[in-house]
Amino acid sequence: MAMLTSVSEELTALADAAGPAVVRVEARHRRPGSGVVWANDLVVTADHVVEDDEDIQIGFADGQTVGAALMGRDPTTDLALLKLASPATVPPPRWSDAAVRVGQLVLGLSRPGRTARAALGIISAAGGTWRTPAGGELDRYVQSDIRPTVGFSGGLLVDTSGNALGVNTAGLLRRTAITVPVVTLRNVVDMLRTHGRVRRGYLGIAAHTVRLPERFGQQLGQRRGLIVVGIEPGSPAEQGGLLVGDVITAIDGAPVRRLDEVAARLGIGSIGGRMALRLIRAGQLTDLSLTVGERR
């Protein structure tokens with residue numbers, strides 16, 4: 001009994017310590033979400049929580065309500081950044097980009113109303129880089145078994161040491177509690193502060209997987225590639241000389257078999273860089289170099 005009491009007190013202390021940094025976000029009709037103080041004038045939340053970008057109200061633990069404006073949003077990672085009309089009176093949580101482990105105890109914190117809500121769970125899945133269904137990229141895949149309830153999205157996930165592991169969302173996978181990790185948060189927030197959106201690389205092609213002729217499959221050591229079926233006018237692909245019917249087999253020396261493998265190479269740092277393509281064109285292997293553009 002004493003042990004249970006001790007654990008209970010520790011969890012309460014965690015919620016008391018991290019809870020004030022979790023705020024209420026009123027930006028959709030009668031369905032408040034949560035957000036987390038990022039800096040004294042910034043709040044990060046889930047993009048799908050911000051349906052109305054006018055008259056956004058942020059509610060704090062002390063009952064204070066402050067107006068906010070939308071600085072930028074990235075639906076592909078389900079993140080939005082809000083600028084407060086007046087500085088926050090509470091500091092940000094203690095962010096940590098430490099790797100998580102399956103089975104690790106975590107606490108989910110949200111604030112759909114005046115008071116905070118807490119839910120105890122475990123990390124149910126953890127992995128490396130993950131591409132979201134909307135085409136964004138998370139530096140780590142973090143899923144907990146916490147059941148998403150009202151206000152869950154935009155809230156905070158903390159470990160038993162009180163470290164903030166990321167922002168929760170149920171908007172990336174239906175009925176699944178995903179946590180956007182700190183590394184991704186920092187990158188996306190920096191882009192939203194500077195540009196109001198996330199800059200991503202762009203080639204301007206439509207392509208799908210195709211089986212390679214046997215002789216190329218043996219020569220290249222792969223069975224499939226990507227056949228180009230469409231090229232946008234004026235795109236980097238057109239300017240670089242790519243043609244409909246070309247079969248892309250590798251990018252920068254790495255085999256390519258699916259379109260998402262191309263998308264994975266068009267991240268924030270790719271814009272303006274050169275991309276080396278190995279192609280099958282008119283029955284011959286050929287090399288082509290393109291300059292990566294920026295998606296508008």
Peer 1: What are the two closest non-hydrogen atoms of Leu70 and Ala80, and how far apart are they?
Peer 2: CD1-CB, 4.2 Å
Peer 1: Strictly by modelled atom types, are Ser34 and Arg111 linked by a side-chain donor-acceptor pair under 3.5 Å?
Peer 2: no
Peer 1: Is there a donor-acceptor contact under 3.5 Å linking the side chains of Thr184 and Asn187?
Peer 2: no
Peer 1: Does Arg193 reach the main-chain N or O of Leu81 with its side chain, forming a donor-acceptor pair under 3.5 Å?
Peer 2: no
Peer 1: Could Arg131 and Asp260 be called an ion pair, given the rule that one side-chain N must be under 4.0 Å from one carboxylate O?
Peer 2: no
Peer 1: Test of understanding: clusters of I, L, V, M, F, W, Y form through side-chain heavy atoms closer than 4.5 Å, transitively. Do Leu288 and Leu259 belong to the same one?
Peer 2: yes
Peer 1: Taking atom types as modelled, is there a side-chain donor on Asp52 or His29 under 3.5 Å from an acceptor on the other?
Peer 2: no
Peer 1: Is it the case that one hydrophobic cluster holds both Leu185 and Val158, taking links as side-chain heavy atoms less than 4.5 Å apart, direct or via other members?
Peer 2: yes
Peer 1: Taking Thr132 for the side chain and Thr76 for the main chain, is one N or O donor matched with an acceptor at less than 3.5 Å?
Peer 2: yes
Peer 1: Any ion pair linking Glu26 and Arg31 (charged N to carboxylate O, less than 4.0 Å)?
Peer 2: no
Peer 1: Nearest 0.5 Å, what's the OG1-CZ distance between Thr291 and Arg274?
Peer 2: 3.5 Å
Peer 1: In this structure, would Val44 and Val49 fall into the same cluster of hydrophobic residues linked by side-chain contacts under 4.5 Å?
Peer 2: no
Peer 1: Charged N to carboxylate O below 4.0 Å: is that the case for Arg200 and Glu137?
Peer 2: no
Peer 1: Examine distances only and state if a side-chain atom of Gln239 and a backbone atom of Gly234 form a donor-acceptor pair shorter than 3.5 Å.
Peer 2: yes
Peer 1: How long is the span from the CZ atom in Arg257 to the CG atom in Leu212, to the nearest 0.5 Å?
Peer 2: 9.5 Å
Peer 1: In Å, rounded to the nearest 0.5 Å, how long is the span from CD of Gln143 to CG of Asn168?
Peer 2: 11.5 Å
Peer 1: State whether the number of non-hydrogen atoms from other residues, nucleotides or ligands found under 6.0 Å of Arg186 atom CZ is greater than 12.
Peer 2: yes
Peer 1: Is any side-chain heavy atom of Glu9 closer than 4.5 Å to a side-chain heavy atom of Leu11?
Peer 2: no
Peer 1: Heavy atoms, side chains only, cut-off 4.5 Å: are Arg258 and Thr209 in contact?
Peer 2: yes
Peer 1: Working to the nearest 0.5 Å, report the span between OG1 of Thr45 and CZ of Arg73.
Peer 2: 10.0 Å
Peer 1: Classify the ring geometry between Trp38 and Trp95 as parallel (under 30°), tilted (30 to 60°) or perpendicular (over 60°).
Peer 2: tilted
Peer 1: Please report the shortest heavy-atom distance between Pro133 and Leu173, naming the atom on each side.
Peer 2: CG-CD2, 3.8 Å
Peer 1: Testing the basics here: between Ala39 and Val37, what is the closest heavy-atom pair and its distance to 0.1 Å?
Peer 2: O-CG1, 3.3 Å
Peer 1: Looking only at heavy atoms, which two atoms of Ile122 and Asp145 are closest? And how far apart?
Peer 2: N-OD1, 2.8 Å
Peer 1: Are Pro93 and Leu156 close enough that some pair of their side-chain heavy atoms sits under 4.5 Å apart?
Peer 2: yes
Peer 1: Is there side-chain contact between Thr179 and Val167, with heavy atoms separated by less than 4.5 Å?
Peer 2: no
Peer 1: Tell me whether Val180 shares a hydrophobic cluster with Ile146, the cluster being built from Ile, Leu, Val, Met, Phe, Trp, Tyr side chains joined at under 4.5 Å.
Peer 2: no
Peer 1: So, Ser96 side chain and Ala98 main chain: donor-acceptor pair closer than 3.5 Å or not?
Peer 2: yes
Peer 1: If hydrophobic clusters are built from ILVMFWY residues whose side chains come within less than 4.5 Å, do Leu242 and Met275 share one?
Peer 2: yes
Peer 1: In sequence, state the C-alpha distance, the side-chain angles, and the governing distance for Ile56 and Val50, and then conclude on side-chain contact (heavy atoms from CB on, under 4.5 Å).
Peer 2: CA-CA 8 Å; Ile56 299 173; Val50 186; 4.0 Å; yes
Peer 1: Would you indicate whether the side-chain heavy atoms of Ile251 and Val262 approach each other to under 4.5 Å?
Peer 2: yes
Peer 1: To the nearest 0.5 Å, tell me how far Ser270 OG sits from Arg265 CZ.
Peer 2: 10.5 Å
Peer 1: Any chance you could lay out the side-chain contact (heavy atoms from CB on, under 4.5 Å) test for Thr286 and Gln284, step after step, and finish with the verdict?
Peer 2: CA-CA 6 Å; Thr286 186; Gln284 300 292 326; 5.8 Å; no
Peer 1: Can you tell if the side chain of Asp139 reaches within under 4.5 Å of the side chain of Trp130, non-hydrogen atoms only?
Peer 2: no
Peer 1: Mind running side-chain contact (heavy atoms from CB on, under 4.5 Å) on Leu84 and Val43 for me, showing each step along the way?
Peer 2: CA-CA 7 Å; Leu84 297 171; Val43 166; 4.0 Å; yes
Peer 1: What's the spacing between Leu165 CG and Gln104 CD if we round to 0.5 Å?
Peer 2: 6.5 Å
Peer 1: Show the nearest heavy-atom pair for residues Pro92 and Ala21, with the distance to one decimal.
Peer 2: C-CB, 4.3 Å
Peer 1: Go through Leu226 and Val247 one step at a time and tell me if the side-chain contact (heavy atoms from CB on, under 4.5 Å) criterion holds.
Peer 2: CA-CA 5 Å; Leu226 274 179; Val247 178; 5.8 Å; no
Peer 1: Would you name the heavy atoms of Tyr202 and Val292 that are closest together and state the gap between them?
Peer 2: N-CG1, 3.6 Å
Peer 1: Check whether any side-chain N or O of Thr12 sits under 3.5 Å from a backbone N or O of Glu10 as a donor-acceptor pair, and report yes or no.
Peer 2: no
Peer 1: Report yes if the side chains of Asp47 and Pro75 come closer than 4.5 Å at any heavy-atom pair, otherwise no.
Peer 2: yes
Peer 1: Between Thr249 and Arg278, do the side chains contain an N or O donor and an N or O acceptor separated by less than 3.5 Å?
Peer 2: no
Peer 1: Any heavy-atom pair between the side chains of Leu243 and Val228 that's under 4.5 Å?
Peer 2: no
